[in-house]
Protein chains: 2
Amino acid sequence: MTRRVTMRDVARAVDMSPMTVSRALRGDETVNAKTRGLIKQVADDLGYVYDSTAQAFRTQKSGFVAVLLPSINNANFAETFRGLSNALTGDGLQLLLGSTNYRVEKEEELVGQLLTRNPEAIILMGGHHTAAARKILENAKIPVIEIWDLPPDPLGHVVGFSNADAAALIVEHLARQGRRKLAFVGASAGADLRGGSRREGVLATAAALGLPPVEVIDAGEAPVSMRHGAAVIAERDRAIAEFDALVCVSDPVAFGALNECRRLGINVPDDLAITGFGHFDVAVVSSPRITTVSVHAAEIGLRAAGVLRDVFAGKSDPQWIDVGAELILGETS
Amino acid sequence: MTRRVTMRDVARAVDMSPMTVSRALRGDETVNAKTRGLIKQVADDLGYVYDSTAQAFRTQKSGFVAVLLPSINNANFAETFRGLSNALTGDGLQLLLGSTNYRVEKEEELVGQLLTRNPEAIILMGGHHTAAARKILENAKIPVIEIWDLPPDPLGHVVGFSNADAAALIVEHLARQGRRKLAFVGASAGADLRGGSRREGVLATAAALGLPPVEVIDAGEAPVSMRHGAAVIAERDRAIAEFDALVCVSDPVAFGALNECRRLGINVPDDLAITGFGHFDVAVVSSPRITTVSVHAAEIGLRAAGVLRDVFAGKSDPQWIDVGAELILGETS
DNA sequence: CCGCAAACTGTTACCGATAACATGTTACCG
DNA sequence: CGGTAACATGTTATCGGTAACAGTTTGCGG
């Protein structure tokens, strides 16, 4: 178990001080070009590996950005993460990913854990947190960005959209088509907060438009997926056609419902309209295409990265960015 | 800009040495229970946040495990990541995720970057790496696990399956059904190495079974998605039905092709069989269900975590785990 | 009341890089 | 040839925990 190679070792090998090695390896121009080349060469030969931990410790800058998502297993969340990642790795930042499984208590726990790593910023999906988590975040004295939502009482910066307003787009569209008897399909109330906002948006808009009360169908615990959407239909069989339209909390759920309808011989959209949410690939490629709402997932990641760049450049006043949402007409409504 | 609260500060507050604070906060039994409680209380009151960076630096144990995936935006890869994550966060390990965008050069770069963080292990998807990356990894003296493949010349541990053999299952099935004129739809040769192995498996098996040469259709640069699958059909219109079967590199591609066929009035499976790969939700929920191969993505993550636990417990002899693959019959073949 | 173990707490040095400051060396000017 | 700027390198202290070792106190048997 030989000790690791350090700058000290490289310095000894070239008969110089560790400080010069440090400078040379960072490409500091004040070190003579020839010396710089030599040091890099020797470091390579010795198999020297830079120690970011030591650097983070000494400079008190970790180069980490913490990101908390409900789940990584969601094409839209993954898209946001990718946007962030692409934008930030260029700046030498490394993302620390945590998955809350749609639970604020888990989020609180992860916030605590991740803050011990001294991240330079933290990005949270959603605007709802435990009181303890809020307190920790306020004390942390690092930039906080809440995404995918427009929280009434933000912790710092915001890059998101109104889930309720986006859901309203769907209901208004259905009402224009003359659909009156709606059902909303989503996860059990509680965990999925963005889904909950969408549900509230649907109920409120329907009421405002004078439609009959919207039936709320519980598809199971979050995260709800294609299979849940299919199961909702399978359980109710043709009785589902008593509704005019099924407003699903996400495209995968809508897709599951749509395909189960096909199996049962329920005609979409003639017997029943189905709408999704999120503008996932599956909504676009599906035949028929699913009516949905685009939420600009990748853009949220990019814009959040932009906010961070601003903050690191000194512009620390809180930003509030609404990326909006957009109705995408398909063939299922 | 007040200095951060350290153990030293807590120690001063309770009039004890930092060492006792350190022990107390870690729950060391040798510290008097009452003292321990007091210290935790005071630490909380002062808003003390433990510094993992300092710990990692002092103990030379980072608590990181590096994970390199081609993309996070793939339900199966995400599933593997989730399996890993769930299994390892219990052990206090934090995953460092890197995305190679299906390129070995990018992998090499990321390996270099991530190793500077002193990960305690590194997990790579795939068995093909640049020579430089191999060298770095061999010198790193940390456990290496290659997943999702069975590399001929492994760097360390292996948890995967044979993509070629899995692809063979599909071709054998199609041959049994009397399909002879096959086309393979995948990403352009080069980047997607797992896809390449599948292609080779398809070509070799077809040849071995005496089928006519398999046409290789290039769906575009990796990663290929639903849209690429749809585009392949759209470009060729009804001419695609000259084939007996379309062997797609993944379920999303198959799904895209299937739905575009529906648009064009091509009957699947009567006019054309379509098969996927990966046993994604979309294959199961789709109507018709897509014939595919299950690759046990989550299990790969779990088993890899198991390997790590073994290694950290001292059992360092290289493990070779073949999780296998399984033909899943659908309604598209 | 001595001796010794058990229970608890303290001291010192160190992990590897680098900011801040100091020093040495060369080059060029009047 | 003295003086000074420009360039190149070195010294020292430090970031916040913790391993290893070193006390100190208490309790109890003999």
Is there, by distance only and without an angle test, a donor paired with an acceptor across the side chain of B:Arg23 and the base of C:dG10 below 3.5 Å?
yes

Starting from the C-alpha separation in whole Å, work towards a yes-or-no answer on side-chain contact (heavy atoms from CB on, under 4.5 Å) for A:Ile300 and A:Phe161.
CA-CA 9 Å; A:Ile300 291 176; A:Phe161 62 94; 4.1 Å; yes

What does A:Thr30 touch in the nucleic acid at a heavy-atom separation under 4.0 angstrom: a base, only the sugar-phosphate, or nothing?
base

B:Thr35 near the nucleic acid: base, sugar-phosphate alone, or nothing, with a heavy-atom cut-off under 4.0 Å?
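If one applies the 4.0 Å heavy-atom cut-off, B:Thr35 turns out to touch the sugar-phosphate alone, with no base involved.
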
Could you report the tightest heavy-atom contact between B:Glu108 and B:Thr130, atom names first, then the distance?
OE1-OG1, 2.7 Å

By nearest-heavy-atom nucleotide on DNA chain D, the more 5' of B:Arg8 and A:Val31 is A:Val31

Can you tell me how far [atom2] of [N] sits from [atom1] of [X], to the nearest Å?
| X | N | atom1 | atom2 | result |
| --- | --- | --- | --- | --- |
| A:Phe57 | C:dT18 | CZ | P | 13 Å |
| B:Met19 | C:dT11 | CE | C1' | 11 Å |
| A:Arg58 | D:dC15 | CZ | C1' | 6 Å |
| A:Arg4 | C:dG16 | CZ | P | 7 Å |
| A:Arg12 | C:dG16 | CZ | C1' | 13 Å |
| A:Asn118 | C:dA17 | CG | P | 19 Å |
| B:Asp28 | D:dA20 | CG | P | 14 Å |
| B:Arg36 | C:dA7 | CZ | C1' | 13 Å |

Assigned partner base of C:dA22, Watson-Crick or wobble definition, under 3.5 Å
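Partner of C:dA22: D:dT9.
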
Look through every strand shown and name the nucleotide pairing with C:dC4 as Watson-Crick or G-U wobble, where both distances are under 3.5 Å.
D:dG27

Given [options], which nucleotide is nearest the side-chain atoms of [X]?
| X | options | result |
| --- | --- | --- |
| A:Thr20 | D:dT18, D:dC15, D:dG10 | D:dG10 |
| A:Tyr50 | C:dA17, C:dG16, C:dT11 | C:dA17 |
| B:Asn32 | C:dA17, C:dT9, D:dT18 | C:dT9 |

Salt bridge flag under 4.0 Å for residues A:Asp51 and A:Arg4:
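Between A:Arg4 and A:Asp51 there is a salt bridge, with a charged N closer than 4.0 Å to a carboxylate O.
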
Side chain proximity check, A:Leu115 to A:Val111, heavy atoms < 4.5 angstrom:
yes

In terms of side-chain heavy atoms, does A:Glu146 have a donor or acceptor partner in A:His157 at a distance below 3.5 Å?
no

Just by distance, with hydrogens left out, do A:Asn73 and B:Glu79 show a side-chain donor and acceptor under 3.5 Å apart?
yes

Comparing A:Thr59 and B:Asp15 on DNA chain C - which has the more 5′ nearest nucleotide:
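Result of the comparison: B:Asp15.
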
Verify the contact: side-chain N or O of [X] to OP1 or OP2 of [N], cut-off strictly under 4.0 Å; return yes or no.
| X | N | value |
| --- | --- | --- |
| A:Gln60 | D:dG16 | yes |
| B:Ser17 | C:dG10 | yes |
| A:Tyr48 | C:dG16 | no |
| B:Gln55 | D:dG16 | no |

